Amino acid sequence: MSEKMIPILPCRTLRPVLDFYAALGFGTTFQQRSPNPYAVVQRGGIELHFFGMKQYDPAGSYSTCLVATEDVDGLHEEFRAGLKAAYGRVPVRGLPRIGPLKDMSYGVRQFLMTDPGGNCVRVVRRTGGSLHHRPAPEGAFARALHHASLLVDSKEDLAGAVRVIDRALGVEDEEPTRVQLLQLLVLRADVAGRLGDEETAASALARASGIRLVAEERGPARDALVRLEELRAAARP
C-alpha cells in the first residue's frame, strides 16, 4: 500500500516554526511565499506541513498531531538538547515548549511539545496492548497523580489539575510516599509556571528540591527528577 497521511498545521508566520524544527533536527524540504505561505519539514519518517495565516493566534490553537516511535526517550533527549543549543535553555513554558516524559494510564509513554505556531506534537511509544484508560489506582495520592496527569497532558485543563493536586497536598490524615510527594510537587510547579503563578512555582520547586530519596526510590522518580532539573534551570535568571 502506498497511502500516507501527513498533517497540515497552521502558524502565523513560517520562519519561527522552521527554526524550531531545525533545532530538532528536521530539514526544510520545501518552502514557498506565494500564492500562500507553505513549508514542509522532515526528519526520518516524520513529515509535517505548515501553512501561514496572518490572523492566526498561536496561543489559542487546538491543532495537534501524533508521532509514534520506538524510542521516545531518545527523541526526548535529542529534542531537549537541540532546543537548549538553539534557545540557550530548554523551553518548558510558553511558546515554544517541550514537556516531560511520562508513562500514561492509556498504554503509552509520551511527551508533548508545542511549536511557535501553537501546534502540539504528541510523541508516543506504545507500552500496553490497549489505548483505553486504566482504572484510577488505589490510594489518595496515586489517584491524584493519575487524574492530575490526565488533566494536564490529555485535556490541558491546568486549573482542574491545580484543584486535584492542592486537594491531595492538603490531606492531613494520610501522608504520601517521598516519591509521590516529589511527583505531586513537580507537577504543581510545572502547572503553576505555565499559569504564570511564579510564587507557587518557586515554593513547590523549593519543597521538591528538599526531598531526599534513597537509591531504590530514584528509579520510580526518574521522570519527575528530570523535570525538576528542567524547571529549576528555567527558573534561574
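What you see is a predicted model; the values in this text were computed from it and never measured.
More than 12 heavy atoms of other residues, nucleotides or ligands lie within 6.0 Å of CD in Glu174, so this atom counts as buried by the packing criterion. No more than 12 heavy atoms of other residues, nucleotides or ligands lie within 6.0 Å of CD in Glu175, so this atom counts as exposed by the packing criterion. Other residues, nucleotides and ligands contribute at most 12 non-hydrogen atoms within 6.0 Å of the CZ atom of Arg218. Other residues, nucleotides and ligands contribute only 12 or fewer heavy atoms inside 6.0 Å of the OH atom of Tyr62.
Cluster membership check: Leu145 shares its hydrophobic cluster with Leu213, using side-chain heavy-atom separations under 4.5 Å among Ile, Leu, Val, Met, Phe, Trp and Tyr. If you chain together hydrophobic residues whose side chains sit under 4.5 Å apart, Leu169 and Ile211 fall into the same group. Residues Val124 and Phe111 fall into different hydrophobic clusters, defined by Ile, Leu, Val, Met, Phe, Trp and Tyr side chains chained together at heavy-atom separations under 4.5 Å. Hydrophobic clustering places Val90 together with Leu187 (ILVMFWY residues linked when any side-chain heavy atoms are closer than 4.5 Å, directly or through intermediates). By the criterion of side-chain heavy atoms lying less than 4.5 angstrom apart, applied directly or through intervening Ile, Leu, Val, Met, Phe, Trp or Tyr residues, Val171 is grouped together with Leu185 in one hydrophobic cluster.
Residues Gln110 and Leu66 are not in side-chain contact: their nearest non-hydrogen atoms beyond the backbone lie 4.5 Å or more apart. For the pair Leu75/Glu77, no side-chain contact is recorded, criterion being any heavy-atom separation below 4.5 Å from C-beta on. Side-chain contact between Asp103 and Asp223: present, with at least one pair of heavy atoms (C-beta onward) separated by less than 4.5 Å. Thr177 has its side chain out of reach of Phe141: every pair of non-hydrogen atoms, C-beta onward, lies at least 4.5 Å apart. In this structure, the side chains of Asn36 and Met53 stay at 4.5 Å or more apart for every pair of heavy atoms. In this structure, Val214 and Arg178 have side chains that are in contact, with non-hydrogen atoms separated by less than 4.5 Å. Put simply, the side chain of Thr29 does not reach to within 4.5 Å of the side chain of Glu47, judged on heavy atoms.
To the nearest 0.5 Å, atom CG of residue Leu9 and atom CZ of residue Phe51 are 8.0 Å apart. Distance check: Arg227 CZ to Lys102 NZ gives 8.0 Å after rounding to the nearest 0.5 Å. The distance from the SG atom of Cys11 to the CG atom of Asn119 is 7.0 Å, given to the nearest 0.5 Å. Taking NE2 of His76 as the reference point, atom CG of Asp71 lies at 12.0 Å (rounded to 0.5 Å). Rounding to the nearest 0.5 Å gives a distance of 13.5 Å between CZ of Arg126 and OG1 of Thr69. Atom CG in Leu24 sits 7.0 Å away from atom CD1 in Ile98 (nearest 0.5 Å).
Tested against Leu18 for a side-chain contact (heavy atoms from CB on, under 4.5 Å), the candidates Thr13, Val40, Val41 yield a single pass: Val41. Each of Val72, Leu48, Val121 was checked for a side-chain contact (heavy atoms from CB on, under 4.5 Å) with Val67, and the lone residue meeting it is Val121. Here the rule is side chain to side chain donor-acceptor pair (under 3.5 Å) with Tyr38, and of Arg33, His49, Gln32, Gln31 only His49 fits it.
Counting only distance, with no hydrogens or angles, the side chain of Arg122 and the backbone of Leu112 share no donor-acceptor pair below 3.5 Å.
Residue Ala148 comes nearest to Ala161 through the heavy atom pair O-CB, 4.0 Å, listed as atom of the first residue, atom of the second, then distance. Scanning both residues, Met104 and Ser154, for their nearest heavy atoms gives CE-OG, 4.4 Å. Here the closest non-hydrogen pair linking Arg232 and Ser209 is CD-OG, 3.5 Å. Shown here for Gln183 and Ala224, the closest heavy-atom pair between the two residues is CG-CB, 3.9 Å.
Look at Glu230 and Arg97 and you find no salt bridge, because none of the NZ, NE, NH1 or NH2 atoms lies under 4.0 Å from a carboxylate O.
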Can Leu150 and His146 be said to form a side chain to side chain contact (heavy atoms under 4.5 Å, CB included), step by step?
CA-CA 6 Å; Leu150 289 177; His146 170 91; 3.7 Å; yes
For the pair Glu217 and Leu182, evaluate side chain to side chain contact (heavy atoms under 4.5 Å, CB included) and give the outcome as yes or no after the intermediate values.
CA-CA 11 Å; Glu217 293 172 320; Leu182 177 74; over 6 Å; no
Taking it one step at a time, do Arg93 and Asp190 satisfy side chain to side chain contact (heavy atoms under 4.5 Å, CB included)?
CA-CA 8 Å; Arg93 62 180 71 168; Asp190 203 344; over 6 Å; no
Take Arg15 and Asp19 through the test salt bridge (Lys or Arg N to Asp or Glu O under 4.0 Å) and record every step on the way to the result.
CA-CA 6 Å; Arg15 186 74 267 156; Asp19 290 344; 3.2 Å; yes
Could you walk me through whether Leu195 and Val162 satisfy the side chain to side chain contact (heavy atoms under 4.5 Å, CB included) test, starting with their C-alpha distance in whole Å, then the side-chain angles of each, then the deciding distance to 0.1 Å, before giving a yes or no?
CA-CA 10 Å; Leu195 290 171; Val162 165; 3.9 Å; yes
